[in-house]
Amino acid sequence: MVRTMSLLRALIRTARMVRHTPRLADGLAPDDAVLLDAPDGELGPALVAAALGDHEPAAKLLATTRGAAEWENRDRYVTRLAAFAYSRPDWLAGWLAASPRDPDALLVKAELEVRRAWESPASVERLREVGPLIHAAAEADPRDPVPWRLALDHARGTHATHTAFEALWEQAVRRSSHHYGCHVAALQYLSAVWHGSHRECFDFAERAAEDSLPGSLVQALPVRAALTLLLAGAVTAVQADRIDAAADRAAQLSARYRGGDPWPAEVRNLLVYVLIARGRWEEALDQFRAIGPYATSFPWDRVSDDPLGQFLEARDGVRIEVASATPIRGGRRTRATGRAVAGQGRAAGRAVPGDHYA
């Protein structure tokens with residue numbers, strides 16, 4: 001009898017998937033239209049020009065962010081330009097030769113060298129060597145919080161004491177009290193993987209979110225803490241409640257932006273990963289629709305060497321889960337109540353320097 005009922009449930013689940021999965025593709029970007037870490041309309045031309053050896057568009061772009069104090073955009077663009085210079089450095093070398101004291105060129109150079117140092121087998125020693133570059137970038141424009149985000153990453157990698165880290169944190173928030181990149185750097189330092197604990201990490205994230213404006217990306221800080229916890233392994237009931245509350249807060253943030261907006265794309269990718277891990281399938285599908293074609297490497301690179309493939313696979317899996325919970329003859333979709341933590345073990349302890357922005 002038990003075997004018969006199990007078979008019947010499997011047949012019903014299969015019938016539901018066959019009937020509803022195709023319909024649930026409505027509102028989702030086609031697989032071949034999904035882009036990984038696509039640049040926005042401002043950064044794209046600068047990257048194209050850099051590929052041709054021309055640094056001027058990048059210089060103008062970063063000068064604009066500095067002049068307008070657009071620190072979030074500045075951090076995002078610096079990170080992407082440095083990543084590009086990692087494999088194509090000639091344009092940056094030309095920029096530094098033409099303008100050796102340019103605050104923007106110095107910042108991209110510092111970001112690049114910190115990235116290289118993190119990937120070195122002797123990362124601690126290499127990071128200590130690049131400290132003067134971060135100091136030079138900070139001195140070049142004392143208003144800019146982005147060099148202080150780099151300083152926070154640098155402190156984490158060189159195992160700075162909590163006292164030393166707090167001194168850097170004070171400098172960062174003095175320049176921009178709600179800067180997302182600096183908050184992410186602090187969160188990483190306080191994580192159990194580095195120099196803190198899961199509780200300390202979550203406490204910091206929740207306090208920062210409560211103090212931030214409703215549309216600020218800092219609202220997503222608790223869901224980043226949730227990811228760290230999920231990747232670490234088993235989750236207690238109390239921790240599960242905090243993870244769900246973090247996802248709820250991030251969903252409220254996501255709702256403030258239009259669907260298909262590239263600005264919150266990384267936050268939405270992160271949120272959908274956590275929703276999947278918690279078995280909140282319908283909400284995850286809604287976020288996949290909001291993401292549109294903008295897949296981001298983070299967080300999928302934490303569980304796969306093919307983040308785009310992992311994104312598409314997860315999206316298909318969510319459609320199947322929602323379809324299997326939908327009555328065969330129409331009716332209202334039901335929220336799955338199961339809780340499954342996806343991809344915990346593969347990436348536990350993996351740490352890379354960036355991941356502040358898509």
Side-chain angles (χ1 to χ4, degrees), residues 62 65-66 69-83 85-86 92 96 100-120 122-191 193-196 200-201 204-205 207-208 211-212 216-218 221 224-225 228 298 351-357:
L62 292 184
T65 63
R66 180 162 46 89
E70 295 175 349
W71 306 128
E72 302 289 8
N73 279 332
R74 181 173 179 79
D75 204 347
R76 179 178 295 203
Y77 295 153
V78 164
T79 301
R80 294 295 301 276
L81 287 167
Y86 187 89
L92 179 57
L96 287 163
R101 297 183 180 179
D102 187 314
D104 308 314
L106 289 173
L107 183 55
V108 176
K109 176 66 173 177
E111 175 78 38
L112 171 61
E113 294 307 323
V114 168
R115 179 179 292 267
R116 286 175 171 164
W118 270 103
E119 296 185 5
S120 168
S123 60
V124 175
E125 291 77 10
R126 287 289 306 278
L127 281 168
R128 287 175 178 151
E129 291 171 2
V130 303
L133 291 175
I134 300 173
H135 182 71
E139 282 195 327
D141 188 342
R143 303 173 306 143
D144 188 357
V146 181
W148 294 96
R149 188 267 297 163
L150 270 176
L152 293 170
D153 282 335
H154 178 268
R156 173 166 54 91
T158 55
H159 306 292
T161 65
H162 276 66
T163 300
F165 189 87
E166 287 168 5
L168 295 173
W169 173 249
E170 182 182 347
Q171 293 293 330
V173 297
R174 182 182 300 173
R175 287 158 175 80
S176 180
S177 58
H178 301 295
H179 185 257
Y180 181 60
C182 289
H183 278 78
V184 170
L187 188 75
Q188 290 176 318
Y189 180 91
L190 294 172
S191 71
V193 175
W194 288 96
H195 307 293
E200 193 174 6
C201 180
F204 170 80
R207 284 195 305 269
D211 291 341
S212 68
S216 169
L217 294 182
V218 176
L221 214 60
R224 288 194 74 118
T228 300
F298 178 78
V352 293
D355 309 322
H356 296 295
Y357 301 100

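What's counted below: heavy atoms across the whole structure, side chains too, no hydrogens, waters or symmetry copies.
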Which heavy-atom pair separates P103 from D141 by the least distance, and what is that distance? CB-CB, 4.4 Å
One should read off an interatomic distance between R66 CZ and D144 CG, to the nearest 0.5 angstrom, of 8.0 Å
Would you indicate whether R101, at its atom CZ, is surrounded by more than 12 heavy atoms from other residues, nucleotides or ligands within a distance under 6.0 Å? no
Value for CG (L81) from CZ (R74), rounded to nearest 0.5 Å, stands at 10.5 Å
Would you please name every residue forming a side chain to side chain donor-acceptor pair (under 3.5 Å) with R116, sequence neighbours left out? E113
Keeping to residues at least two apart or across chains, list the side chain to side chain donor-acceptor pair (under 3.5 Å) pairs with something in residues 122-136. H135-E139
Drop me the distance from L107's CG to I134's CD1, to the nearest 0.5 angstrom. 10.0 Å
V193 and Q188: side chain to side chain contact (heavy atoms under 4.5 Å, CB included), yes or no, with the steps? CA-CA 8 Å; V193 175; Q188 290 176 318; over 6 Å; no
Grab the two heavy atoms, one from D153 and one from A185, that are nearest each other, plus how far apart they are. OD1-CB, 3.5 Å
For the atom pair OG (S216) and NE2 (H179), what is the distance rounded to the nearest 0.5 Å? 10.0 Å
Do you know the tightest heavy-atom contact between Y86 and R115? CD1-CD, 4.0 Å
Nearest heavy-atom neighbours spanning L187 and A225: CD2-N, 3.9 Å
What's the spacing between R175 CZ and C182 SG if we round to 0.5 Å? 9.5 Å
Could you pull out the closest heavy-atom pair between L106 and P100, with the gap in Å? CD2-O, 3.6 Å
Check step by step if side chain to side chain contact (heavy atoms under 4.5 Å, CB included) holds for D104 and T65. CA-CA 10 Å; D104 308 314; T65 63; 5.6 Å; no
Less than 6.0 angstrom separating the ring centers of W118 and H154, yes or no? no
Can you confirm whether R149 sits close enough to V146 that some side-chain heavy atom of one is under 4.5 Å from a side-chain heavy atom of the other? yes
In terms of relative ring orientation, are Y189 and H195 parallel, tilted or perpendicular, with 30° and 60° separating the classes? tilted
Quick one, Y180 with D75, criterion side chain to side chain contact (heavy atoms under 4.5 Å, CB included). Give me CA distance, side-chain angles, the key distance, then yes/no. CA-CA 9 Å; Y180 181 60; D75 204 347; over 6 Å; no
How many angstroms lie between CZ in R156 and CZ in F165, if you round to the nearest 0.5 Å? 8.0 Å
E70 vs R76, salt bridge (charged side-chain N to carboxylate O under 4.0 Å, His left out): CA-CA, chis, key distance, verdict: CA-CA 10 Å; E70 295 175 349; R76 179 178 295 203; over 6 Å; no
Ignoring hydrogens, what is the shortest heavy-atom contact between V108 and L62? Give both atom names and the distance. CG2-CD1, 3.6 Å
Using the ring of each side chain (for Trp, its six-membered ring), is H159 parallel, tilted or perpendicular to W194, with breaks at 30° and 60°? tilted
Please list, chain by chain and in numerical order, all residues satisfying ring-ring contact (aromatic ring centres under 6.0 Å, His included) with Y77, sequence neighbours excluded. none
Hey, mind stepping through L168 and Q171 against side chain to side chain contact (heavy atoms under 4.5 Å, CB included) and telling me if it holds? CA-CA 5 Å; L168 295 173; Q171 293 293 330; 5.7 Å; no
